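Only one structure is covered here, and it is reproduced in the block below.
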Amino acid sequence: MEKALRIVWATGEVDENGNPVTRRQTISVSPNATAQDLANAVNTLDSLSSYTYVSAQLVTYETI
């Protein structure tokens with residue numbers, strides 16, 4: 001099983017309709033990473049980024 005962390009960032013900009021512009025980032029993570037590990041990682045990345053954290057999801061991929 002593979003895992004990834006998907007983060008949505010607000011850029012601080014708005015589009016022509018006044019909607020916030022967001023960027024998505026997906027990072028491969030260890031299969032052993034827990035939700036708490038990833039929450040800690042998101043908090044650390046948020047403190048280092050010029051963007052603002054909006055949401056994050058743990059995504060798992062399984063071969064079927």
Side-chain angles (χ1 to χ4, degrees):
M1 177 182 350
E2 295 180 40
K3 291 184 178 181
L5 174 62
R6 184 176 301 145
I7 306 172
V8 177
W9 301 99
T11 64
E13 300 172 359
V14 294
D15 66 15
E16 61 277 357
N17 296 318
N19 298 314
V21 175
T22 59
R23 299 284 184 247
R24 288 184 218 126
Q25 179 180 22
T26 303
I27 304 167
S28 294
V29 296
S30 168
N32 299 326
T34 65
Q36 186 59 54
D37 294 335
L38 298 176
N40 293 340
V42 168
N43 287 331
T44 300
L45 290 170
D46 186 42
S47 71
L48 298 171
S49 176
S50 60
Y51 294 157
T52 303
Y53 156 78
V54 174
S55 67
Q57 297 85 34
L58 170 60
V59 181
T60 57
Y61 302 96
E62 294 186 50
T63 303
I64 55 171

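FYI, the numbering just counts along the sequence from 1. These numbers were taken from a predicted model, which means no experiment stands behind them.
Here the shortest heavy-atom pairing between Val21 and Asp15 reads CG2-N, 3.7 Å.
Counting heavy atoms from C-beta outward, Leu48 and Thr44 have side chains that approach closer than 4.5 Å. Counting heavy atoms from C-beta on, the side chains of Thr26 and Leu5 never come closer than 4.5 Å.
Take Glu16 and apply the side chain to side chain contact (heavy atoms under 4.5 Å, CB included) test, not counting sequence neighbours, and it matches no residue.
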Could you tabulate the donor-acceptor pairs under 3.5 Å formed by side-chain atoms of residues 51-64, not counting sequence neighbours?
from	atom 1	to	atom 2	distance (Å)
Ser55	OG	Gln57	NE2	3.3

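Heavy-atom contacts from other residues, nucleotides or ligands closer than 6.0 Å to CD of Glu2 number 12 or fewer.
No donor-acceptor pair under 3.5 Å is formed between the side chain of Asn43 and the backbone N or O of Asn40. When atom types are taken as modelled, the side chain of Lys3 and the backbone of Val29 share no donor-acceptor pair closer than 3.5 angstrom.
Rounding to the nearest 0.5 Å places CD1 of Ile27 at 4.5 Å from CD1 of Ile7. Within the model, atoms CZ of Arg24 and CZ of Arg6 stand 8.0 Å from one another, a figure rounded to the nearest 0.5 Å.
Between the side chains of Asp46 and Ser49, no donor N or O sits under 3.5 Å from an acceptor N or O.
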